[in-house]
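Worksheet: one structure, shown below.
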Amino acid sequence: MTENIWSYPATAGHSPNADLTGYKVEATDGQIGKVDKHSNDVDSQYIVVDTGMWIFGKEVLLPAGTITGIDPETKTIQVARTKDQIKDAPEFDKHKHLTDPAYHDQIGTYYGAHYPGGPGRMF
């Protein structure tokens, strides 16, 4: 069975009704920013992280499959990537993320994902 990078892992502690906006995001080597927006759409779940001054205000899209834990008490999300991996990720493109399947393929490929539907799938 292939893991879907665009879905929350069962062990992440995600609640479908949770509003993750404003949660702190922790990479494996420290805090990287806060959640600016998120999606709970089936097969298109992700968070958009505002990295603030850390990398000059860049926003990055992290597929839900990169999330290892969500703590609602401390409003913290842990991701299975380093700061450098996130810093080097393609920048979030608000114009492409909903309509361009190649953009999702680019993000999924960057994070080393294999997901149902393969290249060209519309999310």
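Residues satisfying the side-chain hydrogen bond (donor to acceptor under 3.5 Å, both in side chains) test with Asp36, not counting sequence neighbours, are none. Every residue meeting the side chain to side chain contact (heavy atoms under 4.5 Å, CB included) condition with Lys96, not counting sequence neighbours, appears here in chain and number order: Asp93, Asp100, Tyr103. Scored by the ring pair (Phe, Tyr, Trp, His ring centres under 6.0 Å) test, His38 finds no partners at all (sequence neighbours excluded). In terms of the side-chain hydrogen bond (donor to acceptor under 3.5 Å, both in side chains) criterion, Thr28 has no residue partners (sequence neighbours excluded). Under the side chain to side chain contact (heavy atoms under 4.5 Å, CB included) criterion, Pro90 pairs with Gln106, Ile107, Tyr110, sequence neighbours left out.
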Margin query: If you apply the rule side-chain contact (heavy atoms from CB on, under 4.5 Å), what do you find for Val60 with Phe92, and how did you get there?
Written below: CA-CA 5 Å; Val60 292; Phe92 173 63; 5.5 Å; no
Margin query: For Asp19 and Thr21: C-alpha separation, side-chain torsions, deciding distance, then whether side-chain hydrogen bond (donor to acceptor under 3.5 Å, both in side chains) applies.
Written below: CA-CA 6 Å; Asp19 181 3; Thr21 306; 2.8 Å; yes
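At distances below 3.5 Å, at least one donor-acceptor pair connects side-chain atoms of Lys58 with backbone N or O atoms of Ala89. Under the 3.5 Å distance criterion, the side-chain polar atoms of Lys83 are left unmatched by any main-chain donor or acceptor of Ala27.
Between Thr51 atom OG1 and Ile86 atom CD1 the span is 9.5 Å, to the nearest 0.5 Å. The CD atom of Gln45 sits 6.5 Å away from atom OG of Ser39, with the distance rounded to the nearest 0.5 Å. To the nearest 0.5 Å, atoms CD (Glu59) and CD1 (Ile47) are separated by 11.5 Å. Separating the CG atom in Leu20 from the NZ atom in Lys37 is a distance of 14.0 Å, to the nearest 0.5 Å.
Checking each of Ile77, Val79, Thr76, Ile32 against Glu26 for a side-chain contact (heavy atoms from CB on, under 4.5 Å) leaves exactly one that passes, namely Thr76.
Considering only heavy atoms from C-beta on, Val35 stays 4.5 Å or farther from Val48 through its side chain. By the 4.5 Å heavy-atom criterion applied to side chains, Pro16 and Tyr8 are not counted as neighbours. Using a 4.5 Å cut-off on side-chain heavy atoms (C-beta onward), Ser44 and His104 make contact.
The aromatic rings of Trp6 and Tyr46 lie perpendicular to each other, with more than 60° between the two planes, well past the 30° mark.
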Please list every donor-acceptor pair under 3.5 Å in which a side-chain atom of residues 62-71 meets a protein atom from a residue at least two apart or in another chain.
from: Thr66; atom 1: OG1; to: Pro63; atom 2: O; distance (Å): 2.7
from: Thr68; atom 1: OG1; to: Gln78; atom 2: O; distance (Å): 3.3
from: Asp71; atom 1: OD1; to: Glu73; atom 2: N; distance (Å): 2.9
from: Asp71; atom 1: OD1; to: Thr74; atom 2: N; distance (Å): 3.4
from: Asp71; atom 1: OD2; to: Thr74; atom 2: OG1; distance (Å): 3.2

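Within a 6.0 Å radius of NZ in Lys34, no more than 12 heavy atoms belonging to other residues, nucleotides or ligands are found.
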